[in-house]
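Heads up, the thing below is written out as structure tokens.
Position 1 is the first residue of the sequence; numbering continues from there. It should be emphasised that the depicted structure is a prediction, and the values quoted were computed from it without experimental measurement.
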Amino acid sequence: MRVNITVNGRPYAADDVWEGESLLYVLRERLGLPGSKNACEQGECGSCTVRMDGVPVCACLVAAGQAEGREVLTVEGLADHARRRSSATAEAAEAAGPGEPGSVRPGESEAAGAVRRGAAEAGRPGESVPLAPVQRAFIDAGAVQCGFCTPGLLVAADELLERNPDPSDADIREALSGNLCRCTGYEKILDAVRLAAARTAGEAV
């Protein structure tokens with residue numbers, strides 16, 4: 001059967017999909033998106049976490065046919081998703097506040113305005129897309145070791161920060177409870193999410 005799916009904002013059609021095939025297999029083997037990892041295949045480890053219509057799911061447990069017509073976000077699309085989210089927030093702030101789009105906001109220095117405008121313009125066609133805040137935070141906090149669990153953790157953490165920009169430690173632990181890591185002991189992962197939240201809050205000021 002054919003499965004039509006939008007992944008990271010792009011439409012795809014996967015042909016000759018058999019009934020028992022998982023979304024994870026389609027992403028990795030048919031669409032060439034290997035970021036979501038194939039580990040337990042039982043929905044226990046979270047390494048294959050993606051977002052389907054905005055909701056985190058274990059791609060190994062989702063039948064490919066269930067993804068028909070749905071929107072899926074994988075770790076490969078995380079940076080662009082964060083950029084578009086940031087741009088939408090900035091545009092809303094511009095519309096609500098005084099000043100022409102692209103101008104320096106009240107109380108904002110010329111340099112800060114230039115940085116903000118540069119960030120909003122990043123990711124245009126032909127330009128590299130910067131890392132998502134949560135990706136940069138994982139690097140800076142030393143939360144990546146072998147990296148096998150990292151894609152799922154990143155997707156889950158980004159979803160948390162999207163719906164709760166100022167999470168408590170309990171919120172972070174709950175959001176990442178379905179993601180296992182054998183290397184870090186989790187503390188640096190928690191540090192990374194806290195760091196991403198703090199940086200995002202700072203940018204919003």
Side-chain angles (χ1 to χ4, degrees), residues 3-15 17 21-86 122-123 125 127-163 172 175-184 186 188-190 192-193 195-196 200:
V3 174
N4 297 288
I5 181 173
T6 299
V7 183
N8 301 329
R10 295 179 57 189
Y12 289 88
D15 290 317
V17 176
E21 208 163 289
S22 69
L23 173 60
L24 178 61
Y25 186 90
V26 169
L27 292 171
R28 291 177 56 85
E29 307 299 334
R30 296 190 182 277
L31 303 186
L33 297 169
S36 306
K37 301 307 180 189
N38 184 6
C40 71
E41 294 188 280
Q42 298 178 29
E44 297 289 341
C45 72
S47 296
C48 65
T49 301
V50 299
R51 291 175 68 176
M52 188 163 72
D53 291 343
V55 179
V57 297
C58 289
C60 70
L61 295 183
V62 177
Q66 290 180 287
E68 170 68 28
R70 313 289 281 275
E71 292 194 8
V72 173
L73 175 69
T74 73
V75 69
E76 287 93 344
L78 208 57
D80 188 58
H81 178 72
R83 178 190 63 79
R84 285 185 277 110
R85 182 174 59 212
S86 179
E127 298 179 1
S128 61
V129 178
L131 294 175
V134 72
Q135 291 174 309
R136 173 53 58 189
F138 264 62
I139 293 171
D140 294 343
V144 180
Q145 290 192 24
C146 84
F148 204 81
C149 66
T150 305
L153 283 163
L154 287 169
V155 172
D158 185 75
E159 187 275 337
L160 165 66
L161 295 176
E162 184 175 295
R163 61 181 165 82
I172 298 172
L176 303 184
S177 62
N179 298 79
L180 303 182
C181 175
R182 295 180 181 272
C183 303
T184 64
Y186 296 102
K188 290 188 179 296
I189 293 171
L190 297 177
V193 181
L195 179 59
T200 302

Could you go through Thr6 and Val72, starting from their C-alpha distance and side-chain angles, then the distance that decides it, and tell me whether this counts as side-chain contact (heavy atoms from CB on, under 4.5 Å)?
CA-CA 6 Å; Thr6 299; Val72 173; over 6 Å; no

Do Lys37 and Cys48 have side-chain heavy atoms sitting under 4.5 Å apart?
no

Taking all non-hydrogen atoms of both residues into account, name the closest pair between Pro130 and Ala79 and its distance.
O-CB, 3.1 Å

Under a 4.5 Å cut-off applied to non-hydrogen side-chain atoms, are Ile189 and Phe138 in contact?
yes

Does the Glu68 side chain pair with the main chain of Gly65, one donor and one acceptor, at a distance under 3.5 Å?
no

Please report the interatomic distance CE(Met52) to CG(Leu23), rounded to the nearest 0.5 Å.
7.0 Å

Taking atom SG of Cys40 and atom CG of Leu61, what is their separation to the nearest 0.5 Å?
7.5 Å

Nearest non-hydrogen partners of Cys60 and Gly43, listed with the distance
SG-N, 3.4 Å

Output for pair (Glu21 CD, Arg30 CZ), nearest 0.5 Å, gives 4.0 Å

Treating Asn179 as the side-chain partner and Gly46 as the backbone partner, does any N or O pair qualify as donor plus acceptor under 3.5 Å?
yes

Distance-minimising heavy-atom pair for Leu33 and Glu76:
C-OE2, 3.3 Å

Rounded at 0.5 Å granularity, tell me how far OG in Ser47 sits from CG in Leu24.
10.0 Å

Residues, nucleotides or ligands: over 12 heavy atoms within 6.0 Å of Arg163 CZ:
yes

Looking only at heavy atoms, which two atoms of Ser36 and Thr49 are closest? And how far apart?
OG-O, 4.5 Å

Reference residue Leu78; test side-chain contact (heavy atoms from CB on, under 4.5 Å); the match among Leu131, Asn8, Leu73
Leu73

If only atom types and distance count, is the side chain of Arg51 paired as donor or acceptor with the main-chain N or O of Thr74 below 3.5 Å?
no

Under 3.5 Å: donor-acceptor pair, side chain of Asn4, backbone of Ala13
no

Could you tell me which non-hydrogen atom of Ala59 sits nearest to which non-hydrogen atom of Leu27, and how far apart they are?
CB-CD1, 4.4 Å

Looking only at atom types and distance, does a side-chain atom of Arg136 sit under 3.5 Å from a main-chain N or O of Ala132, one as donor and one as acceptor?
no

Which heavy-atom pair separates Val17 from Ala64 by the least distance, and what is that distance?
CG1-CB, 3.7 Å

NZ of Lys188 to SG of Cys181: how many Å apart, nearest 0.5 Å?
12.0 Å

Is it the case that the side chain of Thr200 and the backbone of Ala196 share a donor-acceptor pair, with hydrogens and angles ignored and the cut-off at 3.5 Å?
yes

Is it the case that atom CD in Glu71 sees more than 12 heavy atoms from other parts of the structure closer than 6.0 Å?
no

Does Glu162 offer a backbone N or O that forms a donor-acceptor pair with the side chain of Arg85 under 3.5 Å?
no

When rounded to the nearest 0.5 Å, the distance separating OH of Tyr186 from CG of Leu153 is 8.0 Å

